[in-house]
Amino acid sequence: FICMVNRQQPAAFQQSVFDGMSYVASKQVSGLLFRLVSYMEPFRTSHFDTSAEGLALWAAVGYNTTAVAHFLDATYAMATSPNFAVDLSITGSTRYV
């Protein structure tokens with residue numbers, strides 16, 4: 001989860017962006033967004049919770065908990081692998097690889 005703001009913006013604006021993104025990235029809000037917005041990937045340790053309580057949150061929004069547990073386990077294994085590399089998602093990124 002990355003957010004950037006131009007440092008030439010007023011300090012109050014920069015703080016507002018920081019506060020807003022901190023709220024969105026908080027455990028409760030990000031967990032809800034992560035479960036409801038299908039294009040988001042897990043980005044907090046709490047997103048990988050496959051306990052009965054964690055899976056119940058997925059079931060509450062209509063997901064199959066067995067499939068979710070497999071997805072979270074596989075994604076966690078990938079994200080913690082020593083061979084993991086994040087895609088460079090910027091315009092012209094192919095020039096850098």
Side-chain angles (χ1 to χ4, degrees):
F1 193 83
I2 298 171
C3 178
M4 298 178 356
V5 63
N6 188 319
R7 71 178 180 171
Q8 294 177 348
Q9 293 294 329
F13 177 80
Q14 293 179 36
Q15 186 63 49
S16 294
V17 171
F18 178 82
D19 292 344
M21 291 297 100
S22 294
Y23 174 74
V24 170
S26 70
K27 183 177 179 179
Q28 287 73 23
V29 175
S30 68
L32 181 61
L33 289 174
F34 173 58
R35 287 186 297 278
L36 294 177
V37 181
S38 62
Y39 59 83
M40 288 184 73
E41 295 290 334
F43 61 91
R44 291 181 62 101
T45 303
S46 61
H47 293 165
F48 296 101
D49 182 7
T50 56
S51 69
E53 182 180 289
L55 292 175
L57 296 171
W58 288 93
V61 292
Y63 284 90
N64 175 296
T65 56
T66 302
V68 168
H70 287 297
F71 165 75
L72 293 175
D73 288 342
T75 305
Y76 184 78
M78 177 192 69
T80 57
S81 167
N83 294 322
F84 180 73
V86 177
D87 289 334
L88 184 59
S89 299
I90 61 171
T91 304
S93 63
T94 55
R95 293 183 296 185
Y96 302 100
V97 292

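- Under a 3.5 Å cut-off, the side chain of Ser81 and the backbone N or O of Ala77 do not form any donor-acceptor pair.
- If you take CD on Gln15 and CG on Asp19, they are separated by 4.5 Å, rounding to the nearest 0.5 Å.
- Contact detail for Asn6 and Gln8: the closest heavy-atom pair is OD1-N, 2.6 Å.
- Atom CZ of residue Phe71 and atom OH of residue Tyr76 lie 14.5 Å apart, to the nearest 0.5 angstrom.
- Residues Gln14 and Arg7 come closest through the heavy atom pair NE2-O, 3.0 Å.
- How far CZ of Arg35 is from OG of Ser30: 8.5 Å, rounded to the nearest 0.5 Å.
- The NZ atom of Lys27 sits 10.0 Å away from the OG1 atom of Thr45 when rounded to the nearest 0.5 Å.
- Thr75 and Pro42 make their closest contact through CG2-CG, 3.8 Å (heavy atoms, listed as atom of the first residue, atom of the second, distance).
- Note that OG1 of Thr65 is 11.5 Å distant from CG of Leu57, once rounded to the nearest 0.5 Å.
- Within 6.0 Å of CE on Met4 lie no more than 12 heavy atoms contributed by other residues, nucleotides or ligands.
- Although no hydrogens or angles enter the test, the distance criterion places a donor-acceptor pair under 3.5 Å between the side chain of Ser26 and the main chain of Tyr23.
- Of the candidates Thr66, Leu72, Asp73, Val68, His70 forms a side-chain contact (heavy atoms from CB on, under 4.5 Å) with just one, namely Thr66.
- To the nearest 0.5 Å, atoms OG (Ser16) and CZ (Phe18) are separated by 12.0 Å.
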